Structure formats: C-alpha cells, structure tokens
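This is a predicted model, so every value here is computed, not measured.
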Amino acid sequence: MSKYAPQEVERKWQEIWEKTGTFHVEADPSRPKYYVLEMFPYPSGRIHMGHVRNYSIGDVVARFKRMEGFNVLHPMGWDAFGMPAENAAIKHGVHPAAWTFENIDTMRVQLRRLGYSYDWRRELATCHPGYYAHEQKFFLDFLKRGLAYRKKSPQNWCETCHTVLANEQVIEGCCWRCDNPVVQKDLEQWFLRITAYADELLDDLKLLEGGWPERVLTMQRNWIGKSVGAQIDFPLETPTASGQKAVTVFTTRQDTVYGATFMSLAAEHPLVAELIAGSPEKEKVLAFVDKVRNMDRIVRTADDLEKEGVFTGAFCINPFTGGKMPIHVANFVLMGYGTGAVMAVPAHDQRDFEYAQKYGLPMQVVITPPGETLDAAAMAQAYADPGVLSDSGAFTGLDNETAKARIADFMEEKGLGRRSVHYRLRDWNVSRQRYWGAPIPVIYCPACGVVPVPEADLPVLLPREVKTRPDGRSPLPETPEFVNTVCPVCGEAARRETDTFDTFFESSWYFARYASARKADAPFNPDEVGYWLPVDQYIGGIEHAILHLLYSRFFVKALRDAGYVAFDEPFSHLLTQGMVIKDGSKMSKSKGNVVDPDVMIKKYGADTVRLFALFAAPPEKDLDWSDTGIDGAARFLSRLWRLGTEELAGLLSAASPCAAFSDAELAALPPMFKELRRREHLLAHKAGSDIRERFQFNTAIAAAMEAVNFLFANVAALRAEPKGAKVVSSAMATILTVLSPMAPHICEELWQAMGHGDSLSERPWPVHDEKALLTDEVEVVIQVNGKLRGKISVGRDTPKAEVEKLALAEPNVARHLDGKTIRKVVVIPGKLVNVVAG
Ligand SMILES: [Zn+2]
Ligand SMILES: [Zn+2]
C-alpha cells in the first residue's frame, strides 16, 4: 500500500461524513443526550492555533460521547456582529456585511478541513436577521417585564471606538477592544436589569460547583460582590435649601460607627452642590470636584491612590455619639458603589486612616484586638481586623460580629437606619453607538415618547445601504430611510432608535438557538430546546469568565421567566483551556510568533495538527508550541500507517476491538499474544477513563503510542504464529478506535484497510474485559509467624499444594523455618502464604 498521504485520506473521509450526514443529529427523547459546545468564534478572517486547540478538545469530547452511546449535539456558528467589521470597512472600503460573510466562508473551509464532527446544518451567524429578529422580540419582552429600561448616567466612553462600554469591558481603565483609556460621559442608554437577578446569579453558583473551575466561580462571586451591612442616616447640622436633612451611608462595618469622626462624599454626590451653596469653600470645592470627575474610576479605587479631598464647610452629626463630623469631598469615594457617601472611621479603615493623617482629622479607636489596647496617636495603620468594642456606649465589650447585629437592631428600633444589602454588580448597558449590530427595536415619538416597535413589525432590519463614516461614527443617525418612521401609536412622524445592541447580547443566547437553528417563527422549538439544553460541556477561554458567562447566565434566567425555556443555568460543565504559547509568550502578530494552522495542515495534515494540540499538554494548561513536538506527532501517525499497511499487512482482518475469545482459544494462545491482549484491554480501559473522567487526552494518546510500539517491536514474532492473528487484529482495531476521536481520518482509513465495511465514527467505544487485564504471573507474599519473609512469582492457576511447596522452598523463608516445626500453612491463592511454625 502507498505512503501516508494525509491530504488525500482526509479529503476522502470528510466527503464521506458530509455525504452520509454522519454528524447530523435530531432530538430523540428515547436516547440520552449530550451537548458539547465550544465558544463560537468572531469571524476575524482566519482561524488561529487557539481556535484549533479549543475545537479539537471539543471534537474529542463530542466523538467520545457519541461512542459512549449519547445522542451528541455539536454545533458551530459565528459571533458575527461587532466592531472589527466596521473598522475593516473603513480601512478597505468594503461593507461590514461583505467583510463578515467572506471571513465566515474562509473560516468555515478551514474548520471543515480539520474534520470536526459538527452538525453544519445548524450553523448560525448572529448578524443574520433570522437570528437577531428573535432577540429584538426578547428585548420587547424584557421591556414589558421591566427588565429593560432607559436611563441617563455617566458611562464609560471610548473615544477611539466612539461607543460606550459596559463595566465588564473596561480593563484597568482601558477599552477591552482597542486598549485606549476610557473616559466618563453622561448619556441616555438602554440597560438590562441584571441586578434583579443578583441574588439568584450568586446562589446558583452552588449548582455549578464541581462542574465549573473553582477560579471562575470565585471571579463571578466577586464580580456580583454582595455585601451585607446597613444604611445609616447622619443628620445634617443644617438642612439644605431643598430640605435634605441627612447624609445616608452604606457600611458593612456598623460595628465601628462610634469611631466615625468625619464624612466623605463622592465628587458626584448630589448633595455636594447644595452643601457648598453660599459657602466660602465653594470655588475650592468646585475645582476639586471637576478634577476628580475626570479621573479614571479604576485609578480612584486603587489602593495606592494618593488620598486627596476638600472640606465643604458643612457638618453632620454622628447619631450614635452626637459628635459633629466635618463633611469632605474625597477622591477615593465613588458614586456607583453604596450611596456615594462614606462614614469615615480612620482608626479602622486604611483609606480613612491615610486621609485623616493627611488632613489632621480626629481618630477614635472603637475596636481593640482581644487582650490588647490601641492608642490612636501611636497607630501606624488602621486596625481593620475583628476585636472587642471599646468606647461604644452600651455596645462596649461585645465582640464586633455580635455588635454588628445588635447595632443594626438598635438602629432599626430608633429609626437611625436599616439593614441593607449592596451589590458590586451594575445593570448591563446594552446600547452601542455603532452601526454593525442589531437595531434596538424602539421608536421615539414627540407625542407618545418611547414606543416599542410592535411585534408584527419585527425584525427591525439593519439597513445595508449606508455610507460608513471615516471617523468610525455610526452612519445610522444620518440614514433618513432608517431613522424616519411613523409612530405605531399615533401615526405621526417619529424617529427610530439608532443605537444597536452590544454584541454580548447575541452571544448570551446562541447556545440555545442551536437546538432549533432554522426555526423561523420562534427562537426555539420548546421540545428541542427542552431536550438539548443545558449545554453539558462548554469549552472556551478563561478571558470570558466574567462577561460572556455572566450575561449568558442572566439571559437564561430572564428567558426562563419570560416562558421561553425551562432550565436555570446554561452550562452544566465548563472547561477553560489554556493558551497556545510559543517561545514563552502567547501567539500574536505583534510578537511575530504566530503559527498558521493552514500552513501546518498543508505540511502535516489535520490529524497531526489535532493530535499535537491534544497531546502536548492537558487541556487546562498552556500549550507550548514546538516544531519538534509536531514532528513527533507526524512521525507517530506515519508509524501507525506503516503498521496498518505494511508491517501487519496480510495478517489483519476485520476483527472487532476487544474481540471476544472462547476459553479454549485463550488457553491456546502463546504468552506473547496473551500479553498483547492484556495491553489492548488496558488501553481501552485507561484511555476511556482518562477521557471520560479527566479529559486527559494526552495520557490517552500516550497509552495508544505504547500499544503501537509494542506491536512494532514484536512484528516478527506476531507474524510467526498464525493462531494469534485474531489477537493482533483485535489489538489494531482497539488502537484505531481509541485514537479515532483525536485523529479521525487516518483511523477511518486504516479501519477500512483492515476490511471493515462500516465507518469508525459509528462505532462504540471498546469495552474491555476485566479478566484480560490480569497478568498470567501473580506475586504471592510469604509470612512466617505473621512476619513478611519473602515473595514468589507463580502462575495464576498454580495449584495450592504447588504454591505451598514453592513458598517453603524460598531461601529466606527456608532460613526462618530452619530448626522449627511447621504447624500450619494457609494458602490464599494469588496473594499470600502464611506459615505458623515453632
Ligand atoms: Zn476602544
Ligand atoms: Zn406617537
């Protein structure tokens, strides 16, 4: 037979799978389902090694679960809206749609060339009206349910991208996409009320324990950031002109309230303007407010920020001590968290401590470490740990946790404040001032206000005929055919919303759409979505640990409450695969260390690229690309090919993997074949549990390599014994079956070469025989009077009397029996000989 020619072999099998619809699936309630999904790609133009790794991992899981008898859904699609399409349009003068669909075509060819077992009939692109029409309907439902609303507020704004960004999309003060600094801008925007689900999003993380990496659960927990504490009202010394009588703070440390000596407000706090009206401090405060407002939020919350502030000239009263507290505006207090006002307890909060030191404000110790005393004047830093209350009125002497509850009770009784829960999580701003996105289905009427587009008028199509602007601004506001419409309520001239949805809107529900990807009149067929969802195994990068996963979890809960789906969490199990690195850093164009999958496929074939991506590291670890590594994978597949087509040619027949043998057949096998059979069954067993339980594809592949090496090393001996031919065929069949999820094409071809008439992709995972795992020889330990004195190796079926004879003859045992009388010998076959002598 010919030399291994991966290009031909791979094309042949891809055509067969395609033609026979091997990977097409339908919901079938009579069969157990398994839904494996890799995070869908943005159609940037070409796939990269990170994609190859991600999808190869998913493909092994999909193929393996099929072999285990599951009805496996394994789809692929495109996260097709978004800014790069617009930027490319500006740069190259092509329409974003043309650019996007061309990229999709290229990348689809690349993915098909890798032989992934997708049901391509379910392919979807989120920029298609057949997709976004449904999410416009979701938005109308959310609007009805109060889950979508419009609000003017300071927003993260990227000057380069000309759009707002969600908090989740601001990374260390910069735009997640273009890395430019983000500024604050007051804008009227659409929000989804994700905070309505804050508690459920937090509580349901428990359902994901064991299924999601602990690290991701922690990141989600921290992002939601639930704090339990109290709101306390600090009466103003003088009520304001508008009648404001108090400053309300949120604190988780009400146990320190007796130590509150001054008040810090955020620059944006609405009270600031009223407090300084007519005050001599006015100009100074306004200048400071202006400076702080333009500072980056991230900088303002950093621990190492130089604490700065200014006295407003106004005072409030600590309702617990009656003390007068000067009110300051401080740069480290933010409006978005809590109430934008902080009761400053400098003895027990480090930021307040630094601020008080700088401006010479009073400090009062109210918590002391058990058995110690603290002197405010001698403190080098705040004491923030637990302790016992001091100088705290009736609460003095209580431990601080007890005091939290007692003070909260007292406060509620006396009307000084109330228990309160705060979240770090903010509502999700979904408005984007960009063209290439799904239009938000809303109309503005001068008479009727905000009017939802009637359901019957959906979808609101994104117009194709627009002139993209060189400065990147959305052309939609200047497209009269789009903007000008009539009010569905009063019939008068009205204006369409020109903002489009954040693209995370599309990726928050695509996984459910795959269940009924071609259904036109509704987003889902309830039976199909009920059968397939949730996703059993989701696979993607850790960089999505917060944004995409949190939005998707929220979306599922919101869709559930709107009656679309009946499950609570979208992804039962999550695998976050490591990065592909080369020469010590992540592959990137700027580093010049990119390896192009296409080049590798042309040189080695898809099976080699897949095998290397799976073999070089366990999935969750970073994969270090090496040329010797991929050479090694190529050499192994060539050896496998030679084994199947030359070395064992003529010997192989269409035996099943882990073929059945009668006792008589087994008894007649020479030892070499028994050993081969033992290794074969061990491979089926070990590779199966490595993949099933731990996704350790690398060790499964290593086990197959060992089995191949054993065959190679013993070719002559294996050929010499005709009685063993069936064992050799069975072993080869097992090797091919086990390797087929990783390197499917070559395995199919060699399987066919063995004389099999079916496709390996339709085969079950081989079932090993426990008995076949046993070696012929067993080790027996020998004890004399309860002490270990020797070991012997005997045939498994050696009669007891023979074992006893061999045990007594073992030299060390014989020495310990010398001069003694043997009183009793107990033989436990295959394990132990116990001799009692005296
Ligand atoms: Zn940007
Ligand atoms: Zn109207």
Side-chain angles (χ1 to χ4, degrees), residues 1-25 36-38 40-41 43 46-49 51-67 72-78 103-124 514 517 596-614 630 633-634 636-638 640-641 644-645 697 736-754 756-763:
M1 214 163 148
S2 55
K3 199 170 165 288
Y4 176 39
Q7 311 296 338
E8 278 167 48
V9 171
E10 291 170 3
R11 190 164 309 114
K12 169 182 161 183
W13 285 98
Q14 283 159 18
E15 274 166 23
I16 292 174
W17 296 331
E18 174 72 34
K19 211 160 59 197
T20 54
T22 305
F23 304 113
H24 294 175
V25 285
V36 55
L37 184 66
E38 301 103 56
F40 69 165
R46 304 190 63 74
I47 61 162
H48 54 67
M49 272 306 166
H51 291 131
V52 172
R53 186 177 192 205
N54 187 184
Y55 309 150
S56 295
I57 291 168
D59 201 46
V60 176
V61 176
R63 287 172 178 270
F64 178 75
K65 289 291 173 182
R66 276 170 59 85
M67 296 171 94
V72 174
L73 177 58
H74 187 212
M76 177 48 74
W78 313 96
N103 287 346
I104 288 175
D105 287 344
T106 309
M107 291 171 77
R108 188 192 301 108
V109 169
Q110 290 185 296
L111 292 187
R112 283 179 179 272
R113 182 62 194 82
L114 278 151
Y116 295 132
S117 61
Y118 298 126
D119 181 351
W120 280 106
R121 299 171 310 160
R122 295 170 189 265
E123 179 185 0
L124 57 83
Y514 282 131
D596 183 350
D598 266 3
V599 173
M600 291 297 120
I601 292 167
K602 278 206 186 79
K603 185 167 173 194
Y604 297 105
D607 280 337
T608 292
V609 175
R610 294 171 57 124
L611 193 73
F612 174 69
L614 295 161
I630 191 154
F636 168 68
L637 290 185
S638 293
L640 179 67
W641 181 266
T645 60
F697 315 121
L736 295 176
T737 314
V738 163
L739 276 175
S740 69
M742 283 73 102
H745 313 85
I746 187 174
C747 292
E748 288 268 25
E749 186 67 18
L750 293 176
W751 177 259
Q752 195 177 58
M754 286 178 73
H756 288 281
D758 58 351
S759 158
L760 202 40
S761 299
E762 306 286 1
R763 276 275 168 163

Checking Glu123 side chain against Met76 main chain: does a donor-acceptor pair fall under 3.5 Å?
no
Is any side-chain heavy atom of Leu614 closer than 4.5 Å to a side-chain heavy atom of Val60?
yes
Could you go through the side-chain hydrogen bond (donor to acceptor under 3.5 Å, both in side chains) check for Gln14 and Lys19 one step at a time?
CA-CA 9 Å; Gln14 283 159 18; Lys19 211 160 59 197; over 6 Å; no
Side-chain contact test, heavy atoms from C-beta onward, threshold under 4.5 Å: evaluate it for Asp119 versus Pro75 and give yes or no.
no
With sequence neighbours excluded, residues passing side chain to side chain donor-acceptor pair (under 3.5 Å) with Arg113
Gln7, Glu10
Whether Glu18 and Arg112 form a salt bridge (side-chain N of Lys/Arg under 4.0 Å from carboxylate O of Asp/Glu) is what I want to check.
yes
Does a side chain donor of either Glu748 or Ser740 reach within less than 3.5 Å of an acceptor in the other side chain?
no
Find out whether Tyr604 and Ile630 are in side-chain contact, i.e. whether some heavy atom of one side chain is under 4.5 Å from a heavy atom of the other.
yes
Are Val9 and Trp641 packed together at the side-chain level, in the sense that at least one heavy-atom pair is separated by less than 4.5 angstrom?
yes
For the residue pair Pro744 and Gly115, what are the closest heavy atoms and their distance?
CG-O, 4.4 Å
To check you understand the geometry: which heavy-atom pair defines the closest contact between Met754 and Leu736, and what is its length?
SD-CD1, 3.8 Å
Ile57 CD1 to Arg53 CZ distance, which is reported to the nearest 0.5 Å:
5.0 Å
Using the ring of each side chain (for Trp, its six-membered ring), is Trp751 parallel, tilted or perpendicular to His756, with breaks at 30° and 60°?
parallel
Any chance you could measure Glu15, atom CD, to Thr20, atom OG1, to the nearest 0.5 Å?
11.5 Å
Correct closest heavy-atom pair for Pro41 and Gly77 would be CD-O, 3.2 Å
Report the distance from atom OG1 of Thr22 to atom CD of Glu762, rounding to the nearest 0.5 Å.
5.5 Å
Report yes or no: does Arg121 contribute a side-chain atom to a donor-acceptor pair with the main-chain N or O of Val25 at less than 3.5 Å?
yes
Side-chain contact, heavy-atom cut-off 4.5 Å: Arg763 with Arg66?
no
Side chain to side chain contact (heavy atoms under 4.5 Å, CB included) between Leu73 and Tyr118: does it pass, once the steps are laid out?
CA-CA 8 Å; Leu73 177 58; Tyr118 298 126; over 6 Å; no
Mind checking whether Met67 and Pro741 have side chains closer than 4.5 Å, heavy atoms only?
yes
For Phe40, what residues pass the ring-ring contact (aromatic ring centres under 6.0 Å, His included) criterion, not counting sequence neighbours?
Tyr510
Identify the two heavy atoms, one from Ile601 and one from Ala606, that lie closest to each other, and give their separation to 0.1 Å.
CG2-N, 4.0 Å
Answer yes or no: is there a side-chain heavy-atom contact under 4.5 Å between Val61 and Phe697?
yes
Any chance you could lay out the side chain to side chain contact (heavy atoms under 4.5 Å, CB included) test for Glu38 and His74, step after step, and finish with the verdict?
CA-CA 8 Å; Glu38 301 103 56; His74 187 212; 2.5 Å; yes
Restricting to pairs with a member in residues 603-613, which pass salt bridge (Lys or Arg N to Asp or Glu O under 4.0 Å), not counting sequence neighbours?
Asp59-Arg610
Neighbour count above 12 (heavy atom, 6.0 Å) for Arg108 CZ:
yes
Show your working on side chain to side chain contact (heavy atoms under 4.5 Å, CB included) between Lys65 and Val36 and close with a plain yes or no.
CA-CA 9 Å; Lys65 289 291 173 182; Val36 55; over 6 Å; no
Please evaluate residues Leu640 and Leu750 with respect to the criterion side chain to side chain contact (heavy atoms under 4.5 Å, CB included), reporting the C-alpha separation (whole Å), side-chain torsions for both, the decisive distance (0.1 Å), and the verdict.
CA-CA 9 Å; Leu640 179 67; Leu750 293 176; 3.8 Å; yes
Measure the OG1-CD1 distance between Thr608 and Ile746 for me, rounded to the nearest 0.5 Å.
7.5 Å
Are Ile47 and Asp598 side-chain neighbours, meaning at least one heavy-atom pair lies under 4.5 Å?
no
Side-chain H-bond candidate by donor/acceptor type, Thr645 with Tyr4, under 3.5 Å
no
Where does the angle between the aromatic ring planes of His51 and His48 fall among parallel (under 30°), tilted (30 to 60°) and perpendicular (over 60°)?
parallel
Distance from Leu637 atom CG to Cys747 atom SG, nearest 0.5 Å?
7.5 Å
Roughly how far apart are Ser56 OG and Met49 CE, rounded to 0.5 Å?
9.0 Å
Below 30° counts as parallel, above 60° as perpendicular, anything between as tilted: where do the rings of Trp17 and Phe23 land?
perpendicular
On a heavy-atom basis, the closest approach of Pro43 and Ile104 is CB-CG1, 3.6 Å
